[in-house]
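Working notes for the structure below.
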There are 2 protein chains.
Amino acid sequence: MRLADLSKRSGVSTATIKYYLREGLLPPGRQINATTAEYDDGHLRRLRLVRALIQVGKVPVATAREVLGHVDDESLGRTIRLGAALWALPQDAEPDEADPAVTAARTEVDRLLELLGWETSRELAPLSPVHRSLVVAVAALRRLDYPWDAELMAPYGELMMQVARRDLDFMETHASEAEKVEMAVAAAVLFQPVLRALHRLAQEEESARRYGIE
Amino acid sequence: MRLADLSKRSGVSTATIKYYLREGLLPPGRQINATTAEYDDGHLRRLRLVRALIQVGKVPVATAREVLGHVDDESLGRTIRLGAALWALPQDAEPDEADPAVTAARTEVDRLLELLGWETSRELAPLSPVHRSLVVAVAALRRLDYPWDAELMAPYGELMMQVARRDLDFMETHASEAEKVEMAVAAAVLFQPVLRALHRLAQEEESARRYGIE
DNA sequence: TTCCTCGGATAGCGCCACTATCTAAGCAGC
DNA sequence: GCTGCTTAGATAGTGGCGCTATCCGAGGAA
């Protein structure tokens, strides 16, 4: 498969594919001679993943490169690779520790993890970028005077744990060993828009049931 | 309160506040004379909401203007205002109807709503931007060969319905009538990062429990 | 009167995801 | 071989977005 074929089968322009190659999101094709390179189904699949991450998941190109780099790092074991890939995903701003809303948010998040009994997350808390994102988001809500505390968040945490269990079950039954890391990344990034849309739909539905459409 | 005070109390630079005023995200202050305008706590609160939408919720400025316009539209009843505001939120790309993955995704989403018994959503389906977003996201997953069908999504839908019920309960108990529309917007936009972070944390936690940290 | 500060208008910046253009090498048909 | 089209690769440019820096004239304080 040549670049033009890859473009046709993926629906991505050759110019954009070249851009992804330059940026290291897509491994180079097998060079046949000075003007021809050969691509295979693996390239096609990777290209679709890249597009999904960037367009559906809104992941910045630089972040996608980093994440995919971890996915491909054969020198690491599966668990580490997965962790590293997920670790690289969030790109939220640093919280401003001088802001009292941030301090309060951190306290509540720590209490939340204790309430939920998420020991691993508590241990990793000081380092985890996801933990940081949560603090930033909670701080923003508290700044708007919403009493968003650990007790209030705990049921949400439980529900998301149920969601996560489903994700992992699905992963175990449907993905081959080789695909699991890739699938976990897809799950973390692409299930998100699905969950968000379902959440909004559920809000609309329940709101209509409670208050009518008017 | 003058512009400089508003800036100090919110932590947003005067240049940025002026930008928001220009863009209509913030109503103009009460003009005292040619060189002075007076702002009040309402402005401060609105400014914080704007920052939260843009920075935490990643809502584009143009979309935020539209959403806030609906929130402020006193000519409409509460339910309509809320619906209009939420309706304006998602800004996903149009699905390409010629793509078979999109067609298949639409079928599965329609089946999903039937399975869940979400009648309101089914009725509004052809118009709703949220519905469209869901189709786009599911199509992306299907293109990656994940067998993402109605039966698989239904439990996620049930879980998100539980989340939505909590949202609405919270809204009923904690928000005054006047704040409800604003709060619903905040819920739709700002709970999202919280849910996402909880989801990721739950994935990490459950993954560590199942497979160890290694 | 002098100087500083204010609000408002305008133009510009920096980042990012592409995209258009150019070049030289190959290959197909004659 | 020669012509002409296509290819891969390099480089510079584009458009949108969220600010941000600068300038201007009006007030207010010393």
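Note on naming: letters A, B, ... go to the chains in the order of the sequence lines (proteins, then strands), and numbering restarts at 1 for each one.
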Practice problem: Could you tell me whether B:E38 and B:R2 make a salt bridge, using a distance below 4.0 angstrom between a side-chain N and a carboxylate O? | Solution: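 Answer for the salt bridge query: no.
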
Self-check item: Salt-bridge contact A:R165-B:E206 (side-chain N to carboxylate O under 4.0 Å)
Solution: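 Salt bridge between A:R165 and B:E206, a charged N being under 4.0 Å from a carboxylate O: yes.
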
Nearest-Å distance for atom pair [atom1]/[atom2], residues [X] and [N]:
X     : N      : atom1 : atom2 : value
A:M1  : D:dT7  : CE    : C1'   : 16 Å
A:I17 : C:dC18 : CD1   : C1'   : 13 Å
A:E38 : C:dC27 : CD    : P     : 13 Å
A:I32 : C:dG26 : CD1   : C1'   : 12 Å
B:L26 : C:dG7  : CG    : C1'   : 14 Å
A:I54 : C:dC18 : CD1   : P     : 6 Å

Quiz item: When we call it a touch if two heavy atoms are under 4.0 Å apart, what does B:A37 touch: a base, just sugar-phosphate, or nothing?
Solution: sugar-phosphate

Quiz item: Which is true for A:A4 with a 4.0 Å heavy-atom rule: it touches a base, it touches only sugar-phosphate, or it touches nothing?
Solution: sugar-phosphate

Quiz prompt | Per B:T16 side chain, nearest of listed nucleotides D:dA8, C:dA20, D:dT20 | solution =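 Looking only at heavy atoms from C-beta outward on B:T16, the closest nucleotide is D:dT20.
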
Exercise. Please work out which of the three classes, parallel, tilted or perpendicular, describes the rings of A:F170 and B:Y146, given edges at 30° and 60°.
Key: perpendicular

Quiz item: Taking the nucleotide of DNA chain D with the closest heavy atom to each, which residue, A:T36 or A:R22, is nearer the 5' end?
Solution: A:T36

Quiz item: Between B:R51 and B:K18, which is nearer to the 5' end of DNA chain D once each is assigned its nearest nucleotide?
Solution: B:R51

Practice problem: Would you please say whether a donor-acceptor pair under 3.5 Å links the side chains of B:R51 and B:Y20? | Solution: yes

